[in-house]
Amino acid sequence: MAALAKNAQTAVSTEKDVAAIELQYIIEHAAHLLPAQGPIEVFVHHNTLHAFETQSFHDAVKSGSDRYHAEPYLLEAEYRRLYAAGRITDHELEIAVQDDLGEYRNDEINGLGTRTEIRFAMLRHSIHIGPDAELRWIVAETDALDRFCEKATEINRTRITMAAQKWLQESDRTSDSRIDLNDLLTKFGGDSSKWKDSKRESFSLHLLWRICLNGVRSFPASAQQASFVRPRDLLLHATGEDIDRNVHELLIRFCAAYVDQGYSDWILPNRNQGFYESFLALYSLPSSGSERWLRQLSEELRVLSKENTSAADSIEASLRELGIRQEDRKEFLTQSLLALSGWAGMIWQLESGVDWVVHPIPKGSLIGMLAVQLILEK
């Protein structure tokens with residue numbers, strides 16, 4: 001029995017060691033994405049895209065946009081303002097489109113024109129975006145499907161109505177068409193040869209609208225669903241409440257005191273032991289003035305201290321309690337560190353052994369910061 005117990009204990013220890021190594025790897029990988037900055041007196045602006053220097057410029061800014069949720073270029077509205085003001089000309093726009101399309105620029109698309117012509121038209125004319133309710137109201141209550149907008153040229157109006165008429169004549173009405181022609185013909189009358197020009201125009205717009213709807217429905221549903229790795233993002237999407245505000249408000253104050261280089265009148269308790277250990281020493285003390293969401297914090301921290309729970313073990317416990325799947329852990333931890341990237345980057349720089357600071361911090365501080373952050377998020 002003693003041998004079995006010893007083997008079981010060895011297995012648990014081995015499992016913990018593997019988890020700690022994996023956590024350290026994830027932290028170091030994520031740290032590569034953090035800004036390389038030190039305390040304010042030695043702060044030097046760094047290359048924001050240093051983590052993507054192996055890529056071409058445009059690929060790097062796209063990767064940076066995905067990872068940091070930043071805008072790599074001007075907003076579309078600003079480009080359209082510049083186009084309307086004449087700063088961007090039709091000639092420049094067409095050259096850019098042709099260059100982007102390359103060898104495919106002269107491909108014909110279903111008789112509608114070349115790729116260049118279609119892309120050029122899409123860029124010259126803005127697409128108005130609105131919620132479903134607004135779109136349904138416009139379709140039901142306005143003449144959007146009865147007549148072309150004033151900006152539509154006579155040539156384009158004629159091309160669309162003629163194409164719709166040709167489509168109607170060539171369609172097999174007895175086949176299982178994606179467009180319910182019988183429904184449309186009941187609305188407009190079966191004999192299209194007797195239609196007036198206004199009715200042909202309206203029919204063309206109704207047909208075009210239904211073709212667009214079918215095109216949208218052809219996209220798989222999974223492509224339209226948002227995926228949230230951090231519970232904070234799901235809560236923000238569902239309720240509009242951002243828990244990062246509360247968590248960061250406390251974390252920023254503590255981080256500032258932790259990386260202090262001698263300006264503060266007092267030193268954090270257990271600072272020389274690490275971020276996590278210092279936080280436990282300070283906030284495990286009960287406080288009657290705590291905000292409602294923090295009222296159970298001191299008790300949890302006292303339990304962690306009493307059981308000698310390490311920062312790595314605390315992170316593992318938080319991952320389980322937050323319900324983070326094994327396959328999502330790397331992305332979750334990366335996103336968590338990037339949520340407060342400036343302070344995380346500063347702590348990583350200081351613990352990496354730089355020699356230009358008055359008060360260095362011990363290694364493992366970034367893991368400690370992450371452990372505290374997840375405790376607060378819980």
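The CD atom of E316 sits 10.5 Å away from the CG atom of L374 when rounded to the nearest 0.5 Å. Annotation: the span from Q373 atom CD to I315 atom CD1 amounts to 9.5 Å, rounded to 0.5 Å. In this structure, CZ in R325 is found 13.5 Å from CG in L319, a value given to the nearest 0.5 Å. A distance of 11.0 Å separates CZ in F228 from CD in Q335, rounded to the nearest 0.5 Å. If you take CG on L34 and CH2 on W343, they are separated by 14.0 Å, rounding to the nearest 0.5 Å. To the nearest 0.5 angstrom, E377 atom CD is 11.0 Å from I375 atom CD1.
Using a distance-only test at 3.5 Å, with no hydrogens or angles considered, a donor-acceptor pair links the side chain of E351 to the main chain of L366. A distance-only check finds a donor-acceptor pair linking the side chain of Q261 to the backbone of V358 [under 3.5 Å]. Distance alone, capped at 3.5 Å, places no donor-acceptor pair between the T142 side chain and the V139 backbone. Side-chain atoms of Q273 do not come within 3.5 Å of backbone N or O of S278 as any donor-acceptor pair. Side chain of S264 to main chain of D260: no donor-acceptor pair is present (N/O by atom type, distance under 3.5 Å, no hydrogens or angles). Side-chain N or O atoms of T114 include none that pairs as donor or acceptor with a backbone N or O of D107 at under 3.5 Å.
Residues passing the side chain to side chain donor-acceptor pair (under 3.5 Å) test with E76, sequence neighbours excluded: R80. Under the side-chain contact (heavy atoms from CB on, under 4.5 Å) criterion, R105 pairs with Q98, L101, T116, not counting sequence neighbours. Residues that satisfy the ring pair (Phe, Tyr, Trp, His ring centres under 6.0 Å) test with H206, not counting sequence neighbours, are F188. Every residue two or more places apart in sequence or in another chain that forms a salt bridge (Lys or Arg N to Asp or Glu O under 4.0 Å) with K378 is listed here: E300, E321. Legend: residues meeting salt bridge (Lys or Arg N to Asp or Glu O under 4.0 Å) with E92, ordered by chain and number and at least two apart, are absent. Shown here are the side-chain contact (heavy atoms from CB on, under 4.5 Å) partners of D59, two or more places apart in sequence or in another chain: Q55, S56. E307 is linked by a side-chain contact (heavy atoms from CB on, under 4.5 Å) to V303, T309, counting only residues two or more places apart in sequence or in another chain. Scanning for side-chain contact (heavy atoms from CB on, under 4.5 Å) contacts around A257 gives L268, with sequence neighbours left out. E141 pairs by the side chain to side chain donor-acceptor pair (under 3.5 Å) definition with nothing, not counting sequence neighbours. E94 meets the salt bridge (Lys or Arg N to Asp or Glu O under 4.0 Å) test with no other residue; sequence neighbours excluded.
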Do any side-chain atoms of residues 131-138 form donor-acceptor pairs under 3.5 angstrom with protein atoms, and if so which ones, sequence neighbours left out?
none

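F254 and F275 have perpendicular rings, their planes meeting at more than 60° on a 0 to 90° scale where under 30° would count as parallel.
F52 and A60 get closest at one heavy-atom pair: O-CB, 3.7 Å. The minimum heavy-atom distance between P35 and G342, with the atom names listed, is CG-CA, 4.0 Å. Nearest approach of F203 to A164, heavy atoms of both residues: CE2-O, 4.2 Å. Nearest heavy atom pair, residue Y276 against residue A371, reads CD1-CB, 3.9 Å.
Using a cutoff of 4.0 Å between basic side-chain nitrogens and carboxylate oxygens, E108 and R115 are not scored as salt-bridged. With salt bridges taken as basic N to acidic carboxylate O contacts below 4.0 Å, one links D244 and R230. Checked for salt-bridge contact, E78 and R87 miss the test: no charged N lies under 4.0 Å from a carboxylate O.
L82 and L93 fall within the same hydrophobic cluster, where Ile, Leu, Val, Met, Phe, Trp and Tyr residues are linked whenever their side-chain heavy atoms come under 4.5 Å apart, directly or through other members. The hydrophobic cluster containing I95 does not contain V97, counting ILVMFWY residues as joined when their side-chain heavy atoms lie under 4.5 angstrom apart, directly or transitively. M162 and L207 are assigned to two separate hydrophobic clusters, defined by single-linkage of ILVMFWY side chains at heavy-atom distances under 4.5 Å. Hydrophobic clustering of Ile, Leu, Val, Met, Phe, Trp and Tyr side chains at less than 4.5 Å, counting indirect connections, unites W293 with I252. Linking ILVMFWY side-chain heavy atoms closer than 4.5 Å, directly or via other members, places L322 and L236 in two distinct hydrophobic clusters.
When side chains are defined from C-beta on, L376 does not count as touching I243, because their heavy atoms never get closer than 4.5 Å. Residues R271 and I361 form a side-chain contact, since some pair of their non-hydrogen atoms from C-beta on lies under 4.5 Å apart. The side-chain heavy atoms of C255 and M369, taken from C-beta on, include a pair separated by under 4.5 Å. Within the 4.5 Å cutoff, the side chain of N270 has no heavy atoms near those of the L282 side chain. Residues P231 and I324 form a side-chain contact, since some pair of their non-hydrogen atoms from C-beta on lies under 4.5 Å apart. Using a 4.5 Å heavy-atom threshold, the side chains of E277 and P269 count as separate. Using a 4.5 Å cut-off on side-chain heavy atoms (C-beta onward), Y283 and S298 make no contact. F148 is listed as a side-chain neighbour of I160, based on a closest heavy-atom distance under 4.5 Å.
Residue-environment remark: NZ (K62) stays at or below the threshold of 12 foreign heavy atoms within 6.0 Å. The number of heavy-atom neighbours closer than 6.0 Å to CD1 of I267, taken from other residues, nucleotides and ligands shown, is 12 or below. Applying the 6.0 Å contact sphere to CG of L285 captures more than 12 heavy atoms from other residues, nucleotides or ligands.
For the pair R124 and F120, the cation sits on the ring face: its NZ or CZ lies under 6.0 Å from the ring centre, inside 45° of the axis.
Under 3.5 Å, the side chains of S63 and D66 contain no donor-acceptor pair of N or O atoms.
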- Query: Between L123 and Y79, does a side-chain contact (heavy atoms from CB on, under 4.5 Å) hold up when you go through it step by step?
  - Reply: CA-CA 10 Å; L123 291 173; Y79 282 115; over 6 Å; no
- Item | From CA spacing to verdict: side-chain contact (heavy atoms from CB on, under 4.5 Å), D313, L304 | CA-CA 10 Å; D313 289 341; L304 293 175; over 6 Å; no
- Message: side chain to side chain donor-acceptor pair (under 3.5 Å) for H58 and Y73? Distances and angles first, verdict last.
- Response: CA-CA 10 Å; H58 290 290; Y73 306 102; 2.8 Å; yes
- Please lay out, stage by stage, how V61 and F57 fare under the test side-chain contact (heavy atoms from CB on, under 4.5 Å). CA-CA 6 Å; V61 295; F57 175 76; 3.8 Å; yes
- Given I26 and E22, is the side-chain contact (heavy atoms from CB on, under 4.5 Å) satisfied, shown in steps? CA-CA 6 Å; I26 293 175; E22 181 184 11; 4.2 Å; yes
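Pairs of residues two or more places apart, or lying in two chains, that qualify as side-chain hydrogen bond (donor to acceptor under 3.5 Å, both in side chains) and include a residue from residues 144-156 are D143-R147, D146-S202, T153-N156.
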